[in-house]
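This one's a predicted model, so the numbers in the text were calculated from it and none came from an experiment. Per chain, numbering begins at 1; letters A, B, ... match sequence-line order.
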Protein chains: 2
Amino acid sequence: MQALTPPPVRLSEQLGESIEERIVTGVYPPGTRLDEQELAESFGVSRTPIREALIQLASIGLVEIRPRRGATVPEMAPDRLCEMFEVMAELEAMCGRLAARRILPAEQARLLEAHQACEAARQAGDPDLYYQLNEVFHRAIYDASHNGFLAEQATALHRRLRPFRRLQLRVRNRMNTSFSEHAAIVEAILGGDSEKAGSVLRAHVIVQGERFTDLVATLRQMHNPPEAELAQAGT
Amino acid sequence: MQALTPPPVRLSEQLGESIEERIVTGVYPPGTRLDEQELAESFGVSRTPIREALIQLASIGLVEIRPRRGATVPEMAPDRLCEMFEVMAELEAMCGRLAARRILPAEQARLLEAHQACEAARQAGDPDLYYQLNEVFHRAIYDASHNGFLAEQATALHRRLRPFRRLQLRVRNRMNTSFSEHAAIVEAILGGDSEKAGSVLRAHVIVQGERFTDLVATLRQMHNPPEAELAQAGT
DNA sequence: TGAACTATTCTTGTATACACAACATCGGTT
DNA sequence: AACCGATGTTGTGTATACAAGAATAGTTCA
């Protein structure tokens, strides 16, 4: 009852989402200079909405704007990613603790439903579907925390980490272990065990960060000649 | 060696800060419509940088932009404020836990220094000074967590809650109890007691949220005839 | 007299134009 | 030959102009 009015939304927001999409999907890899004119032509609009979109993306950390020097996709050093996963883990843990104490019957049903949907995707061996349903699962927990602000923060960070999370599920057996972790999470939340829910969720997220770090370290070792620390613009 | 180049900063950013200042200091109370032209004239600039500033403020939640309807200062329902304090408490707790494990000698010195400065302000009975030094104290903890992303998040939320926090210190004896809580925090962090540091910091922040809620409830009861829920524009 | 429709006005959203700073290239000097 | 300075070009930052949607007021009809 809201999607009927076609586009009551600013163009700059749509552009922001499109650019975000291009960033997280790797069309604009880290370090890319985002030329306003190029983007404008590429989308067939003027520079104005492009600028607004970039400013918005900059304020959530997805691009970096340096005065008089334009926008670039930030490099996302592995260290920083670890930090972000560390915070994400804590936010999820907090959601879990609160959810265990506050979840309502209807939300319990939603959570179980999402969990069972994940099970189906796992059995089907479909990582992409699992990835998608996994988001629904986690969002159900966010909502069950009954802290709207927390849910927003968690969602925002979740989105930002999306591209890095996505790599994980291809790793051997990740989907299976993820699912069994989910089972423990559901049990703790439905059982009202606040601390358990928090610690299990924290571990569930942290392990992703660690796995990703390992992955990066491996890739780094492969790509880099012994010492190459000065990454300026792909040199 | 960087503050010499006078203003290598976008005008829209400065405007954003000015507008933010006006919002948090109550010049633009919640519910205010922010007319772009008015703001532009008020600052002596064109609408363009004003728009950019508003978009940036909107993306951090300080203003609300509805398409084709302009920007307003969001109402900040007491419920939402409680939620924000709840999250703030957890972020600070996390900073504390990490700081207790990771703090370096130089940072220990900084923390003690900030603590002692607060002591001076307390003895002088200067709430404004205490308020300021309190920020330094907390920032020292953020930094000692050695998680730059966490520190940024905590700082951002801290800023956003600033206006509400500020009211607290006028409450009878709040400065004294705040200071003794600080002492416990310092002891836990320097003692390396991670869990203690977290729980003490959480309580330190939560109590502010609760006190604020009480305050709001009191004010609400005073101002409102039995049922007045429709607050549109100061009617 | 009240309600609904229409026209006007006002504000936002987008495009275009202009100014100025940063980078690059080239020429001169030590 | 290498370094420093001047000039041109590119692209960001701001201002202005224009278009479209929303709010409002006025009018007309029941």
Protein-nucleotide distance ([X], atom [atom1]; [N], atom [atom2]), rounded to Å:
{"X": "B/Leu11", "N": "C/dC20", "atom1": "CG", "atom2": "P", "answer": "14 Å"}
{"X": "B/Leu34", "N": "C/dG13", "atom1": "CG", "atom2": "P", "answer": "13 Å"}
{"X": "B/Arg68", "N": "D/dT24", "atom1": "CZ", "atom2": "P", "answer": "17 Å"}
{"X": "B/Glu13", "N": "D/dT12", "atom1": "CD", "atom2": "P", "answer": "16 Å"}
{"X": "A/Asp35", "N": "D/dG11", "atom1": "CG", "atom2": "P", "answer": "5 Å"}
{"X": "A/Arg66", "N": "C/dA22", "atom1": "CZ", "atom2": "C1'", "answer": "12 Å"}
{"X": "A/Phe43", "N": "C/dT14", "atom1": "CZ", "atom2": "C1'", "answer": "16 Å"}

[X]: side-chain hydrogen bond (donor to acceptor under 3.5 Å, both in side chains) partners, not counting sequence neighbours:
{"X": "B/Arg102", "value": "A/Glu86"}
{"X": "B/Glu90", "value": "A/Arg97, B/Arg202"}
{"X": "A/His115", "value": "none"}
{"X": "B/Ser18", "value": "none"}

Whichever of A/Val45 and B/Glu36 has its nearest DNA chain C nucleotide further upstream toward 5': B/Glu36
Angle by which the axis turns from one end of the helix from C/dT1-D/dA30 to C/dT30-D/dA1 to the other, five pairs per end, to 10 degrees: 10°
Closest-nucleotide 5' rank along DNA chain D - winner of A/Ala71 and A/Thr48: A/Ala71
Phosphate OP1/OP2 of D/dT12: any B/Arg10 side-chain N/O under 4.0 Å: no
Phosphate OP1/OP2 of D/dT12 contacted by A/Arg33 side-chain N/O (<4.0 Å): yes
Salt bridge (Lys or Arg N to Asp or Glu O under 4.0 Å) contacts in which one or both residues fall within residues 32-41 of chain B, not counting sequence neighbours: B/Glu36-B/Arg47, B/Glu36-B/Arg51
Residue pairs fulfilling salt bridge (Lys or Arg N to Asp or Glu O under 4.0 Å) with at least one residue in residues 58-69 of chain A, sequence neighbours excluded: none
Salt bridge (Lys or Arg N to Asp or Glu O under 4.0 Å) involving B/Arg22 - partner list, sequence neighbours excluded: none
Base D/dG11 paired with A/Arg47 side chain (donor-acceptor, <3.5 Å): no
Those residues that, when tested against B/Gln56, pass side-chain contact (heavy atoms from CB on, under 4.5 Å) (two or more places apart): A/Ile55, A/Ser59, B/Glu13
Heavy atoms from other residues, nucleotides or ligands near CD of A/Gln132 exceed 12 (cutoff 6.0 Å): no
Could you list, one pair per line, each protein nitrogen or oxygen that sits under 3.5 Å from a nitrogen or oxygen of nucleotides 7-9 of chain D, together with the distance?
none

Near-strand residues of residues 50-64 of chain A, defined as heavy-atom separation under 4.0 angstrom from DNA chain C: none
Test: A/Glu75 and A/Arg80 ion pair at under 4.0 Å: no
Side chain of B/Gln37 - closest among C/dA22, C/dT11, D/dA23: C/dT11
Those residues that, when tested against A/His182, pass ring pair (Phe, Tyr, Trp, His ring centres under 6.0 Å) (two or more places apart): A/Phe137, A/His138, A/His204
From A/Val73, A/Ile50, A/Thr72, residue fulfilling side-chain contact (heavy atoms from CB on, under 4.5 Å) relative to A/Leu34: A/Val73
